[in-house]
2 protein chains.
Amino acid sequence: MGLTNSILAGFQSKGYRLTASRKAIVRIFLNSKAPLSAVELNSRLKKIDVIVNKTTVYREIDFLKSQKVIRELPFGDGKKRYEKWPDNHHHHLVCISCDSIECIELTGCLEKEEKKIMKENNFKTIKHSLEFQGLCAKCQ
Amino acid sequence: MGLTNSILAGFQSKGYRLTASRKAIVRIFLNSKAPLSAVELNSRLKKIDVIVNKTTVYREIDFLKSQKVIRELPFGDGKKRYEKWPDNHHHHLVCISCDSIECIELTGCLEKEEKKIMKENNFKTIKHSLEFQGLCAKCQ
DNA sequence: CTATTAATGCAACTTACTTGCAATTGCAAC
DNA sequence: GTTGCAATTGCAAGTAAGTTGCATTAATAG
């Protein structure tokens with residue numbers, strides 16, 4: 001049983017229903033390498049002939065977020081973007097020219113730094129975001 | 001001559017005009033410790049009885065951005081926020097409960113990491129953002 | 001098959017931001 | 001001080017992302 005199916009089975013066991021849009025959206029997020037905005041998700045659904053109202057798309061995103069299947073990423077363009085909940089914490093290279101997004105991993109130095117800062121500032125971190133904006137190989 | 005005035009004098013020498021709203025907005029950004037959204041800026045203007053149309057606020061933000069007096073920060077809440085162009089690069093602690101923002105500085109480990117990543121990915125960075133979201137001392 | 005209630009669609013609304021255009025105004029030259 | 005140019009502004013209307021209330025539909029348990 002694939003990851004998509006095991007997530008869907010988990011939903012069902014909790015009393016949530018397996019609708020066509022839910023199945024399609026989970027599958028899209030799990031197979032997408034790049035983070036998706038609500039609008040991008042909607043157009044991917046159209047491509048595979050799953051016609052869903054935008055309200056449903058937003059509600060499904062909220063649902064998947066609450067179920068920790070996806071997480072929200074903070075980019076600076078006024079659009080919220082989401083990606084499948086990462087097993088490994090990582091960050092992004094966002095090309096300001098072609099909008100492409102690559103995932104990268106960092107070494108441990110940031111975590112140390114983070115702990116220190118949190119202690120000094122008496123701040124309890126829920127999440128952090130580190131995103132690089134610039135030009136990808138193609139666009140330089 | 002203060003920083004605000006020298007910036008304003010610079011505008012004038014380039015043929016831009018010193019209007020009441022421009023003067024007030026530059027002063028607000030230079031004196032604000034926390035980054036401001038367009039809406040927040042507008043309400044600060046109201047407080048000091050400088051009544052400006054929101055269109056003007058957005059246009060002035062664009063202008064100050066193009067003049068590198070302020071820069072845009074990437075937060076994930078659907079609102080663009082701006083702060084005075086920083087002499088020293090720094091990052092932010094954003095409280096998800098009360099929306100307060102604190103500025104922090106990091107040690108050099110991130111820069112090293114950044115150079116490595118850029119080389120490996122053949123990516124040319126324009127800027128990076130590192131923001132921590134969580135709960136401030138008051139809100140815990 | 002039926003009942004329950006999760007999920008959906010629709011329309012109207014909100015918020016952040018933008019655009020076109022006519023009116024205003026800073027300021028430099030006279 | 002008056003004049004003229006173009007930078008700046010306000011207004012109204014528009015766009016795009018996201019939200020809400022409510023009536024309807026449909027997935028699933030019994």
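Quick note on labels: first sequence line is chain A, next is B, and so on, each numbered from 1. Not measured: the values here are computed from a predicted model.
Summarising the geometry of Trp85(A) relative to Ile70(A), their closest heavy-atom pair is CE3-O, 3.4 Å, with the distance given to 0.1 Å. For Leu36(A) against Ile28(A), the heavy-atom pair with the smallest separation is CD1-CG2, 3.6 Å. The heavy-atom pair separating Lys65(B) from Tyr82(B) by the smallest distance is CD-CE2, 3.7 Å. The shortest heavy-atom contact between Pro35(A) and Arg81(A) is O-NH1, 3.8 Å.
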Nucleotide-resolved protein contact map, nucleotides 4-12 of chain C, B/S/- at heavy-atom distance under 4.0 Å: BBBSBBBB-
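The separation between Lys23(B) atom NZ and dT25(C) atom P is 14 Å, rounded to whole Å. Taking atom CG of residue Leu8(A) and atom P of nucleotide dA27(D), one finds them 14 Å apart after rounding to whole Å. Note: CG (Leu41(A)) to P (dA17(D)) measures 13 Å, nearest angstrom. Counting to the nearest Å, the P atom of dA17(D) and the CD atom of Glu72(A) are 15 Å from each other. What separates CG of Asp62(B) from C1' of dA7(D) is a distance of 15 Å, to the nearest Å.
Leu18(B) and Val26(B) fall within the same hydrophobic cluster, defined by Ile, Leu, Val, Met, Phe, Trp and Tyr side-chain heavy atoms under 4.5 Å apart, directly or through other members.
Residue Ala38(B) is the one, among Gln12(B) and Ala38(B), whose nearest nucleotide of DNA chain C lies closer to the 5' end (criterion: closest heavy atom).
Contact annotation: Tyr58(A) side-chain N/O to dT19(D) OP1/OP2 distance is not under 4.0 Å.
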With a cut-off of 3.5 Å and sequence neighbours excluded, list every side-chain donor-acceptor pair involving residues 50-61 of chain A.
from: Asn53(A); atom 1: OD1; to: Thr55(A); atom 2: N; distance (Å): 2.9
from: Asn53(A); atom 1: OD1; to: Thr55(A); atom 2: OG1; distance (Å): 2.9
from: Glu60(A); atom 1: OE1; to: Arg22(A); atom 2: NE; distance (Å): 3.4
from: Glu60(A); atom 1: OE1; to: Arg22(A); atom 2: NH2; distance (Å): 3.2
from: Glu60(A); atom 1: OE2; to: Arg22(A); atom 2: NE; distance (Å): 2.7

